J.: 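Pasting a structure below so you can have a look.
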Amino acid sequence: MREFDEKSVTAAVLARMDDCQDARFKQVMTSLVTHLHDFVRDVKLTEAEWITAIQFLTDTGKMCSDKRQEFILLSDTLGVSILVITINNPADGGTTDSTVLGPYYWEGAPELPLGANLAVGVKGEPTYYSGRVLSNDGSPIAGAILDVWSGDGEGTYDMQMEGDVGMKARGRIRTDAQGRYSFRSIKPEFYPVPTDGPVGRMLNKMGRHPMRPGHIHMIVSAVGHHAVTTHLFAAGSQYIDSDAVFGVKESLITPFAKHPAGTAPDGTKLDVPFYTVNYDFRLRKG
Ligand code: BEZ
Ligand code: FE
C-alpha cells in the first residue's frame, strides 16, 4: 500500500520498523508512534497548532546551552522526570525516596569537615542539619558522602547570582564511624524555576505558577549501596502542595524546628533565631 488514511498510517509507520534489530528501541518507538498518532487524532491537531508545537520545540532547543537545559525543564514541569525517577526507584518504605536532580547540581563541591558551615556569607536563616546515613538493614554507614546544595535564603542559587561568585551553599560531608553527619547551612526558601524561556511561557499559558517549595538538595552515596538523589523539603513551606516539578514526596518533608537566638548546636552564639533539622537517610545495598 502506498496511500494511507488517518487510521492506517499508524500501522504503516510501525511496519517500517520490521527490520529494526534493537528490540528495546523497537518497543519504545512502537509505543511512542502509537501514542503520538492517537494524541493527534484525539485532539484533531490543526496545522497551525502543529507548527506552533514545532516552533516551541525549536525554541526549547535554542534555549539549551552548557548552562541551561530547557528540555529537562520541560520534562520536569510536565511531570515526566519524576515519573521516570519514580518508576525506576520505586518507594520501598525502607529506603530514602528519590526526587529530581534539577539544573543546579555542580560537580566537585569541596569536601568539608563534619559540622562545617556550607553557607558562609550566604543570605538566609542559619540552619543546623544532622542525622545518620543507614543501610536498609538499619546499620550505620561510615564514610557515606552527602553532596549538598541549595539556593540562598531567598531561593537564589550561586549559578544565578550576579557575576562569577563561585560555589555557594554547597559542600560534601562524610559520615563518621557511627554514620552521623552534621553541617550548617540556611533554611531554603521557595523559588521559581526559570521562566524566561519557552517553558515559562508554556506554564503561564497553562495557568500554572512556576514555584518550587523550600528544599535542600543532596546526593547521598556510599560504597556498596545505591546512591540516592533527593531533597529535604521544609514542612509548611509555601507551594509544598503544588511543586512546579511534582518532586515532593511525603517522606522527604521534614520539620525545621525554630529556636530563639542563643547558643547553636555547635556552640556558636547566634544573635538571630536559628533552625535545626534531623533526618536519617537510608540507602539500599547493592
Ligand atoms: C531545582 O530544584 O533546583 C529545580 C528542579 C527542577 C527544575 C528547576 C529547578
Ligand atoms: Fe532546587
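One-based numbering along the sequence shown. The model shown is predicted, which means the values in this text are computed figures rather than measured ones. All ligand and atom numbering here is 1-based and tracks the order in the structure. Atom set for the values below is all heavy atoms of this structure, side chains included, hydrogens, waters and symmetry mates excluded.
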J.: Centroid-to-centroid, Tyr104 to His217, below 6.0 Å?
T.: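 So the answer is no for these two rings.
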J.: Of the backbone and side-chain N, O or S atoms of His217, does one lie nearer to the Fe ion (ligand 2) than 2.8 Å?
T.: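 Coordinating: yes.
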J.: I'd like the contact residues of ligand 1, where contact means a heavy atom below 4.0 Å.
T.: Leu73, Asp76, Gly102, Pro103, Tyr104, Tyr157, Tyr191, Val193, Arg212, His215, His217, Val245
J.: Quick one: do Asp59 and Lys62 make a salt bridge, cutoff under 4.0 Å?
T.: no
J.: Checking side-chain polar atoms at under 3.5 Å, does Tyr128 have a donor or acceptor matched by the opposite partner on His259?
T.: no
J.: Are any non-hydrogen side-chain atoms of Leu74 and Leu57 less than 4.5 angstrom apart?
T.: yes
J.: Under a 3.5 Å threshold, yes or no: a donor from one side chain and an acceptor from the other, between Thr156 and Lys123?
T.: no
J.: Angle at the Fe ion (ligand 2): provide the value between OH of Tyr191 and NE2 of His215, rounding to 10 degrees.
T.: 90°
J.: Checking Arg208 against Thr77: is there a side-chain donor and acceptor pair closer than 3.5 Å?
T.: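 No, because no side-chain N or O of Thr77 sits under 3.5 Å from a partner of the opposite role on Arg208.
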J.: Quick check on the Fe ion (ligand 2): does Tyr157 put an N/O/S atom closer than 2.8 Å to it?
T.: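 For Tyr157, the answer is yes, given that an N, O or S atom comes within less than 2.8 Å of the Fe ion (ligand 2).
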J.: Between Phe281 and Tyr181, how do the two ring planes meet: parallel, tilted or perpendicular, split at 30° and 60°?
T.: tilted
